[in-house]
Each structure stands twice: as structure tokens, then as C-alpha cells.
Amino acid sequence: MHLPMIEKNYQPADIETRMARLWEEAGAFKAGRPERRDARPFTVVIPPPNVTGSLHMGHALNNTLQDILCRFERMRGRDVLWQPGTDHAGIATQMVVERQLMERQEPGRRDMGRAKFLERVWQWKAESGGVIVNQLKRLGASCDWSRERFTMDEGLSRAVAKVFVELHREGLIYKDKRLVNWDPKLLTAISDLEVQQIEVKGSLWYLRYPLEGKAFNPEDSSSFIVVATTRPETMLGDTAVAVNPDDERYADLVGKHVILPLVGRKIPIVADEYSDPEKGSGAVKVTPAHDFNDFEVGRRHNLPQISVLDQEGCLALLDNEDYLRGLPEGASQLAEELHGIDRFAARKLIVARLEDFGFLERIEPNTHMVPHGDRSGVVIEPYLTDQWYVDAHTMAQPAIAAVRSGATNFVPKNWEKTYFEWMENIQPWCISRQLWWGHQIPAWYGPDGKVFVAESEEEAVGNALGYYVEQEVITPEQGDEMARDPDKREGFITRDEDVLDTWFSSALWPFSTLGWPDDETDVARHYPTDVLVTGFDIIFFWVARMMMMGMHFMKDVPFPTVYIHALVRDEKGAKMSKSKGNVIDPLHLIDDYGADALRFTLAAMAAQGRDIKLASQRVEGYRNFATKLWNACRFAEMNGCALPVDFDATQATQTLNRWIAHETARATREVTEAIEAYRFNDAAASIYRFVWNVYCDWYLELAKPVLMGEEGAAKSETLAMVAWARDEILKLLHPFMPFITEELWAVTAKRDGLLVLTEWPRKAGLTSDEAVMMATTSPNDGLLPPVLLALDTGDFSDPAAEAEIGWVVDLVTAIRSVRAEMNITPATLTPLVLAGASDETKGRAQRWNDVVRRMARLGEISFADRPPEGAVQLLVRGEVAALPLKGVIDLSAEKARLDKELAKAEADIKRVDAKLGNEKFVANAPDEIVEEEKEKREAAVARKARIIEALERLKNAA
RNA sequence: GGGCGCGUAGCUCAGCGGGAGAGCACCUCGUUGACAUCGAGGGGGUCACAGGUUCGAUCCCUGUCGCGCCCA
């Protein structure tokens, strides 16, 4: 077969489309490929993006890092399962579809009815739900797409029902009437985590509450008590006034009563620690039904809870039995007046009314935190309702212990503190939502409100009907009839209308996606997963809850390692947001620079524990890196570099080739170890430096004369070695830049298979059998400690080769530097005289004659005992290299240059002497450090001597 | 108020007990046989500040100042 030539230009878009198709057709990302049936699995579950989402920078980073790990382990022979899928995102999705209905001027959700609306959501999902999946594919995510899951799939829904029922049976899920965070816009309860505290400039209103039995007189402070509040409108629901038990000002008032202004309700003055004597007046009004703290105060003092708002945050006073109970005649007039008014309008009205009657003492400006819904943006209302809760405190204990014991580790470690902090102070998790889109709670109610929880409707209805027959509420005949015909039981047995918090189903993701509870084959093989990669912003929402559910249902952690990455910010460090208009769209970057460049940028910047400030300039730079690699491969192709089948790099004889083998092994070790340690930035830096600054800058340049020269053993070995090192580069770079490397892999040689499934460069001398062992042995069986996986460069290390190539590099660099400094144009070829050269140096100079002349723009290279007069004299590895430039250069400039060098050498000597002269240093420092210092001193002294000689000669020349 | 983290070259960031690094930007030079999406060279930093530990601190400890995030 004839290989296609490498295209002249690197065109990411074209390559990406083709490579994606290639992988797809080969089923390269599929878990459980037959040839890997016996390999150790490597499993990662994707943090499921919202089905409504589109790819943002956070996704790009998160999935790039996961993909690097997956491709790396796949090349190391593991049977990789990267489990993809999306989240149904209850509120977000429902909002999207409702907005769409509105835009199309179709009937709204409520007009349409539940069943019809849900049909519409599914329809929307079918049409638009795949967007983010396709975007992840563009990024190169090597998920097993054939196993894509959705949190509302049948299987996952069964998992949800089972978990709910079991936790309910164990008493870990229960229904409770207490305050929740109520969103008056979305008309649903939300969890603590979905509430954002936002600083708001408000006011503190000081209100006079008249004391019972005294004639209220605004001028007489003994006739009232002053309470301070940030929410005057809730005063209608006050059921007490609280003062601190240690507050002497109010000591004699405790136990007495006040008459609630405007309302006329008689309420007690109680002593409670909650009241802070330093704040406001030291007395607070207590509204148990509208404030979390007051709720607790109310419980402690057995106070009634009077809710005065409705679901939408409007005053609800008429027909409000709790409110009207025990009120004097005429109170209903106020109720009629205020009923139905929005909470913020009511605030103004009530304050005005209080002022009219002298109950308002003063208003102070006050900045305080106000809870807002993270989706709706409106002020959250603490609201008294029945909701379902998970006993998070109990469930957290094994999850805390698992991290304490090290069964699960966070990387970087410091996130464990955040995890513990939250888990140890965890509150009951409110899991019911008054939405339609989501997993409907598997609870059914009988006519008396008794609840029947079961995994299926049949089961629940069966239980319920049995119960009511037994209780003789219905006859057995009626029971049979209702069991047969759902219409007949309508109004008798009704299902809970609410759905579960989206995070409830996400918490099961590591095992529900593997088939639990229906088929546990994959659970056995892939649970626990190997690592979770996610952002710190969802440690509470998701990681903690997966830990709880995993420990409870699988009796094991969901993952031994949690790699927490940072946020991607804009180049100034601001959080990207639509409102700020500073969002960088990863898809635009992919269009402009290619997915590989974007991926490499994110990896290179993913230093642990630090946010990423992304500038598109960086991406451009790494696109250039891809171009560089592209051209290096073209160069190899143009010279006919190819790898013979039986070529063994360890057996190379040419110095240059032994050197690049050694450097390749070093890069292999660095990249491998860095990925293993989740140091993605170090891995990226290593491969970048190796490709550009070692392979391209030196190896290819030094190899040119051989490649262009005559046929022979040296040339054929070099032709092979250029190809060999190129192939190693393509492998090492593949996890970071999968598209370009796969393309180059295909066009540079006839291959047995795709690069994506090619074996990762391994320790030289390790047999394939051992590599297979490594891949199949479980990590905890103690047979092969991880240290054996470390790569050994032993077979490639060659100090002699390093010394020789090092000399060439130093010589060329020194000459280039001085030529630039002396403003010698490249067109001027200068001769080089190696003065007093050792035999070794002479040999090297002869062997590298062509290269050095070409790279350093030299004429002839000759040898002499002493440098010619008036020459520029360079020190290269302890010997003098002279450029006879008398007449070409300015002698005083050369003198200045040497003076500078001399000063540097002297400074070095001085610094080392100060150290070595310090007895304590010599006594305390490790021997090798002292030895190093001594060697440095010797080198500096020798250098100084040569420079002085050079200066002498210069003087003679002048 | 509690917690976490950050202040290193003009910018974005690595490094973290033994001679200050990268990329980009900047300046000079360059149509050298893969690459101008390139090559060669160069300038530029009391490593926020003050103490302490140490033979030795950009690195460890304490404090101060400045910035960011999370929780109350």
C-alpha cells in the first residue's frame, strides 16, 4: 500500500473530523474489547453535564483531563471504560421547555397538564439534548459512547426508586413539616446548596411593641419594648419577642406579654440565647414560620407557627385560621386590606401603617446577607411545608470515615478539609421538588393521608388496598375493583406529585450507570471506579452524595481518588459569566486553533490547586507547537526516515542516536510519572520541551549532515532512529493531542493498528509478557508494587554520548551568542580555532565538523596550541575556542565582554568561598552538597584563569 | 466571624530548603537544504513586607499588608 504524503500544511479541522470517524468505526473507545477481556479495567464516570448544557471552558478542562487519563491507561493496556451520559437537570430543563412554549405562544405548562408537558420535554430532549455530547466528541473525549446513559433512563429510574424505597424503609428518608428554602418564582422547595447568600443593602426597622396592660405612648419608653427587624412584613406572623437571658435591661420583662401592633395578638416575651444584646435593640421579634432561627426559637419555647405568606410570596390572611385565631374584633379588616399583596409591597404598607400609629421608632441602613435562588435569582422565602428529607447526618458518617481512613483520597489533599467541614455539619437534605420534570417520588397516599412507599405503582396500590380492606375502610370487592382499574381508585389512592432533587439520581451515577440494580455484571467489574475528576464547586452537590450513596448501597467507596481541578477564568482572573460578557467559548477556540491546541493548553495550565486564567494567546502558542511537530514529521518523511521491523533502539551505535535514545527514555519517564501523579502541567511541559527543544532543535539539526550524506551504516541507523523517536513522541503526545498524533501515525508509516490502541512506551528491556502482567494484575494484590511500573532509563543511559553531544551543543550555542553580540552577520563565515585541544576534543571536532560549521556559520575548523592574536576567545567545557576576528570586530567590545565574564567568575568564587569558609556549613551540610560546592569552585577558578589569559592576549594584540 | 488559597520577569504562570525558570510580549539579526504558525541571540526579577527556625530560606514557621473563593 502506498502511504499518503503528509500535507504541506497542518489543518486541524480536517484532521479532527477524519480521526473522530476512524475511532468511531474501529470501536476504539469501547470497553470490553475482546482482546482486553483479561486486562485490568480502568473506569471513570463522566460528571454528567446537564442535558440542556453546551460546552463551556469548565467542561473542556474537566473532560480533557479525564481523556488524558483514559487514553494513557488505554495505551498501557487497561480495559478502559469511560462512562458517558447526561443529567436531566430538573429545574433547568423544565425552564428551557417552558420558555420555548412561551416563545412559540403555545399553552403554558399548567394549561397543558402534567402528562402532555412531560411528553414535550422528552420531545425537546430528543431534538436538542444531544448538543453537548457532540461537543464533547469534538473535544476528542474517548468515552464509550455506545453506553451513553441519561439519569431518567428506565434503568437509572429503577435505581432511583429502589434507593428511595430502601432508605425509606430504613428510616433514612422521611417526610417532615419544617421550614424549607422556598423559591416563590419557581414555586418549589430547594436545598441549602441551591441557595446563594447575597449581600444586600437594606434597612433595620426599629418597632415599638406595646406591653400588655400599659397604655401605649410613643413618648413613654416604659410602655413598650423595641424590637429590630430586617423583615417588618413578617411581623404579622410574630408569636413572641425574644431577649437574651443575660440582658439585664429586659430581665423583668421576661414572662410578660406584648400586644402585636396592628394585629392585636397577645404574644409572650421569652428569654433565648439567640437574641444578641449587641445587635439592634437587643430584643428580636420571633416569627417561627418565616425565619430559620426563629423556627428554632419557636421550637424551644413551644410557640405557634403562623404562616402569613402564600407560595408566591404574597400575604395570605383571609381564611388563614392560624393567623385569625384568637384575634380581637376588627382584626379581619386589616386582613382584608392586605390579603394578596406581594411581600415587598406589603413591607412598605405595613411600615407606613406602623408609622401612622407611632409604632415605628427609627430606620437604620443595614447591609446584610439575603438568600437568593441560584436558578431563579429571586429572594428565597423560608416557608413551612411538608417535604421529603434524607437523613444526611447518618449517611455522612461512613462517607467521612472512608476519607479519614484513606479509602478515598482527594488530590490535592487540602480539599479533604472542605469535605470534612461540610460533612460534619451537614443538615437534613430536602429532596422533594415541586416540579414535573424528574423522578416522581414513589409514594402513594390513601384517603386518610397514610403513605405507601414502593418501587412500583402496583406494589404500592396493592399494599394500600390491602391495608384499607383490613381496616374495613373499603370492602374486599371494592379493593379488587380498584386494583384492576386505575380509574376506579382515582381520588382514593393518589401518588405524591413531587419529584426528586436532580442530585439524588446523580448521587447513584457510579453504580446506576453500570446496570445496578438490574444487572450487576459490570458493577462487579467496574465498581469502584478508578478516579473521579471534577471541579471543587460540586464537592458538596455531587462528590459527597456519591460517597454517601456508594458507601450505603455498594458497601464500598465509589472511587479511591478524587482529582479536584480548578475553575477556568478569563485572562484577568474574573469568573466567566454571560452577564460580564467575558465568556470564552471553547468551540470557538477549537475552530480557530484546533481541539489539540485547546486540550494541550488546558493540560499545561492545570497546575494543582490553582485557577486557570486563560488567554487565547496561549492556545495559539500550542497550535504552533502542533505545527512544529507536523513539520518535523514532514522532514523525516522527506528524508525517507523509516523504522525497520527488527530495529532495536537499545542497540544503536552512533553517539547521536544513543543520545536521543537516552533523552527519549528520560522524557518517557517524566511524562509517565507526571500523569500518574495527576501533574498534568508537568507532563505537558516535559513532552513540549522534549519535542521542540531536544528533538527538533538539536537531534534533527545534528542528524542533517548524516541524512544528507552518503549511504552507510551510520545513515541507515539514523534514518531508523529519527523514525523511532518520532513514533515515541507520537505515543507520548497522544493523550494530550490525540487528533494530530493519530493522523501523523497513519501517514508516517504502515501501521498494524491505530495509535489510540498502541502500547505506551515502556521501560526498555521490559518484555511484553511483563507489560501484560502489569496491565492485568490488580493493584492491591501485592504481587507487583507500583515501583516496578516506574520506567528505567538504564538501558539507554550513555554518559559518553551525553558528554559529546553536550559539547557540540555548548560550542554552537557559545559561538552563536558571541556572533550575535558582536553583530556578525550570518553571511560572514568565520573560521574557528580550537586552542590546546585535547585528543578527545579533536576527535569530536572532526566527527561533528559539518554540523558545527553549518549551525554556527563557520568556515574552516583548525587546531593550534594558542589562540591567534586578537581573536574572540570562548570557553567551552574548559577549553578555548577562538574566532580569529581581528579587524572584523571591535577589540574594546571584546575586552568589555571578557571583563563581564571575569566579574561573573569572580563573583561565583567569592560566593562559594563564603560558604566553604563557613565551618558550620562544612560541618552540617550533606557531603554531596559540600562536594558540589568544591567542584563549582574549581570550575570557576579554572574559568577565571582562562579569561585572564584571554585578556592578556587581547592586550598583546592591541 | 470561620475555613481554603494566592501575592515570583511587562503579562499568564511553573518551581518550593543548597547557584532564580517557561510561554507570551518586547528588542536585535535572519529568504541557512521541515517549519516565518519559523530560526538565532538579547534585555528584564531586593521571588509582597517584617520577624523567626537553619550552616544556608523564594521555598519551612509566625505576624502584617493586599487579592480571590467557600461557609455562617
Side-chain angles (χ1 to χ4, degrees), chain A residues 6 8-10 12 192-193 196-197 292-293 369 412 414-418 420-422 425 536-537 539-540 566-567 569-575 593-594 597 601 604-639 641 679 681-682 684-685 688-689 692-693 696-697 700-701 704-705 707-708 722 812-813 815-827 829 853-857 904 907-908 911-912 914-926 928-930 932-933 936 940:
Chain A
I6 302 180
K8 174 91 169 64
N9 291 309
Y10 163 54
D192 297 344
L193 288 175
Q196 286 179 329
Q197 302 292 335
F292 286 97
N293 291 308
M369 302 302 272
N414 54 303
W415 288 110
E416 289 180 3
K417 194 152 187 168
T418 306
F420 288 136
E421 191 63 31
W422 189 67
N425 297 298
F536 63 81
D537 49 330
I539 290 177
F540 304 148
L567 235 51
R569 299 170 175 281
D570 75 2
E571 54 195 303
K572 295 191 192 81
K575 209 166 168 171
Y593 304 110
T601 307
M605 298 189 77
Q608 287 182 10
R610 194 149 173 159
D611 284 347
I612 293 178
K613 290 183 202 164
L614 187 73
S616 61
Q617 227 173 19
R618 275 308 274 270
V619 188
E620 188 182 349
Y622 290 118
R623 188 274 319 268
N624 295 351
F625 173 59
T627 306
K628 185 74 182 177
L629 173 71
W630 186 265
N631 284 307
C633 290
R634 280 184 65 222
F635 171 78
E637 178 182 67
M638 288 162 67
N639 285 281
C641 297
R679 287 184 286 105
N681 57 321
D682 287 344
Y688 182 94
R689 196 171 312 136
W692 203 314
N693 304 120
C696 291
D697 286 352
L700 292 184
E701 291 303 325
K704 275 178 183 172
L707 296 173
M708 316 284 172
V722 168
V812 170
T813 305
I815 296 171
R816 280 171 170 174
S817 177
V818 80
R819 287 180 62 110
E821 213 173 313
M822 299 286 166
N823 285 323
I824 299 165
T825 64
L829 300 184
R853 277 173 36 215
R854 195 175 61 82
M855 294 183 79
R857 311 291 301 152
K904 224 153 113 195
D908 282 356
R911 196 177 40 72
V912 176
K915 271 194 176 184
L916 291 172
N918 182 341
E919 280 174 33
K920 288 180 179 169
F921 171 74
V922 180
N924 293 318
E928 62 266 28
I929 297 291
V930 177
E932 259 176 48
E933 292 297 323
K936 276 182 209 165

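In what follows, chains are A, B, ... by sequence order, proteins preceding strands, each numbered from 1.
A/E701 comes within 4.0 angstrom of a base, heavy atoms only. At the heavy-atom level, A/R819 lies nowhere under 4.0 Å from the strands shown. Among the protein residues, A/A632 comes within range of the nucleic acid bases, having at least one heavy atom under 4.0 Å from a base atom. Looking at heavy-atom distances under 4.0 Å, A/R689 makes no contact with the nucleic acid at all. Using a 4.0 Å heavy-atom cutoff across all strands shown, A/C696 reaches at least one base atom of the nucleic acid.
Atom P of B/A72 sits at a distance of 50 Å from the matching atom of B/C38, rounded to the whole Å. For the P atoms, the distance linking B/C47 with B/U58 amounts to 7 Å, nearest Å. Distance noted for atom P between B/C70 and B/G39: 42 Å (whole Å). Comparing B/A40 with B/G5, their C1' atoms are spaced 41 Å from each other, to the whole Å. Nucleotides B/U54 and B/A9, compared at atom C1', are 29 Å apart to the nearest Å. Distance check on atom P: B/G43 versus B/A48 gives 23 Å, rounded to whole Å. Taking atom C1' on both nucleotides, B/U53 is separated from B/C60 by 8 Å, rounded to a whole Å. With both ends at atom C1', the span from B/C29 to B/C67 equals 42 Å, rounded to whole Å.
Here the P atom of nucleotide B/U32 and the CG atom of A/L700 are 17 Å apart, to the nearest Å. A/E919 places its CD atom 18 Å from the P atom of B/U54, with the value rounded to the nearest Å. In this structure, A/R857 places its CZ atom 10 Å from P of B/U31, rounding to the nearest Å. Distance, A/Q617 CD to B/G23 C1': 10 Å, rounded to whole Å. Spacing between atom CE of A/M855 and atom P of B/A34 amounts to 13 Å, rounded to whole angstrom units. A/K704 places its NZ atom 9 Å from the C1' atom of B/C35, with the value rounded to the nearest Å. In this structure, CG of A/N639 is placed 9 Å from C1' of B/G33, rounded to the nearest angstrom. If you measure from atom CH2 of A/W415 to atom P of B/C4, you get 11 Å, rounded to the nearest angstrom.
Applying the side-chain contact (heavy atoms from CB on, under 4.5 Å) test to A/R689 and every residue at least two apart in sequence or in another chain returns A/A685, A/N693. For A/D682, the side-chain hydrogen bond (donor to acceptor under 3.5 Å, both in side chains) partners at least two apart in sequence or on another chain are A/R679. Applying the side-chain contact (heavy atoms from CB on, under 4.5 Å) test to A/A940 and every residue at least two apart in sequence or in another chain returns A/D908, A/I909, A/R943. By the side-chain contact (heavy atoms from CB on, under 4.5 Å) test, A/K704 is found to be paired with A/F635, A/E701, A/M708, A/R854, residues two or more places apart in sequence or in another chain being considered. The salt bridge (charged side-chain N to carboxylate O under 4.0 Å, His left out) search around A/K915 returns A/E933, not counting sequence neighbours. Scanning for ring-ring contact (aromatic ring centres under 6.0 Å, His included) contacts around A/Y593 gives an empty result, with sequence neighbours left out. With sequence neighbours excluded, the residues forming a ring-ring contact (aromatic ring centres under 6.0 Å, His included) with A/Y622 are A/F600, A/Y688, listed by chain and number. Partners of A/R857 under the side-chain hydrogen bond (donor to acceptor under 3.5 Å, both in side chains) rule, at least two apart in sequence or in another chain, do not exist in this structure.
Of the candidates A/W422, A/W415, A/F420, A/F540 forms a ring pair (Phe, Tyr, Trp, His ring centres under 6.0 Å) with just one, namely A/W422.
One distance of note links CZ of A/R853 with CG of A/L829; it measures 9.0 Å at 0.5 Å rounding. Here CG of A/N631 is found 8.0 Å from CG of A/N9. Values are rounded to the nearest 0.5 Å.
Proximity note for A/K417 (side chain, C-beta onward) versus B/G3, B/C24, B/G33: the nearest is B/G3. Here the nucleotide nearest the side chain of A/V912, chosen from B/G23, B/C35, B/G19, is B/G19.
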Tabulate protein N/O versus nucleotide N/O from nucleotides 27-29 of chain B, keeping only pairs under 3.5 Å, one per line.
none

Can you check nucleotides 37-43 of chain B for protein contacts, nitrogen or oxygen pairs under 3.5 Å, and list what you find?
{"residue": "B/U37", "atom": "O4'", "partner": "A/N624", "partner atom": "OD1", "Å": "3.4"}
{"residue": "B/U37", "atom": "O2", "partner": "A/R623", "partner atom": "NE", "Å": "3.0"}
{"residue": "B/U37", "atom": "O2", "partner": "A/T627", "partner atom": "OG1", "Å": "2.4"}
{"residue": "B/C38", "atom": "OP1", "partner": "A/N624", "partner atom": "ND2", "Å": "2.9"}
{"residue": "B/C38", "atom": "O3'", "partner": "A/K628", "partner atom": "NZ", "Å": "3.4"}
{"residue": "B/G39", "atom": "OP1", "partner": "A/K628", "partner atom": "NZ", "Å": "3.1"}
{"residue": "B/G39", "atom": "OP1", "partner": "A/W692", "partner atom": "NE1", "Å": "2.5"}
{"residue": "B/G42", "atom": "OP1", "partner": "A/S817", "partner atom": "OG", "Å": "3.2"}

What are the atom names and distances for every N/O pair under 3.5 Å that joins the protein to nucleotides 14-18 of chain B?
{"residue": "B/A14", "atom": "OP1", "partner": "A/R610", "partner atom": "NE", "Å": "3.1"}
{"residue": "B/A14", "atom": "OP2", "partner": "A/R610", "partner atom": "NE", "Å": "2.8"}
{"residue": "B/A14", "atom": "OP2", "partner": "A/R610", "partner atom": "NH1", "Å": "2.3"}
{"residue": "B/A14", "atom": "OP2", "partner": "A/R610", "partner atom": "NH2", "Å": "3.4"}
{"residue": "B/G18", "atom": "O2'", "partner": "A/K915", "partner atom": "NZ", "Å": "3.4"}

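Stem analysis of RNA chain B (Watson-Crick or G-U pairs, both distances under 3.5 Å, runs of at least three) returns B:1-7 with B:65-71, B:10-13 with B:21-24, B:26-30 with B:38-42, B:48-52 with B:60-64.
In terms of heavy atoms, A/M369 sits closest to A/Q197 at CE-O, 3.7 Å. Here the closest non-hydrogen pair linking A/A604 and A/A684 is CA-CB, 3.8 Å.
Using bins of under 30°, 30° to 60° and over 60° for the plane-to-plane angle, the ring pair A/Y10/A/W630 lands in the tilted bin.
Between A/F635 and A/A940, the one whose closest nucleotide on RNA chain B sits nearer the 5' end is A/A940.
A donor-acceptor pair under 3.5 Å is formed between the side chain of A/N425 and the backbone N or O of A/E421. The backbone N or O of A/A597 lies less than 3.5 Å from a partner atom in the side chain of A/T601, making a donor-acceptor pair.
Contact annotation: side chain of A/E421 to base of B/A72, donor-acceptor pair absent below 3.5 Å.
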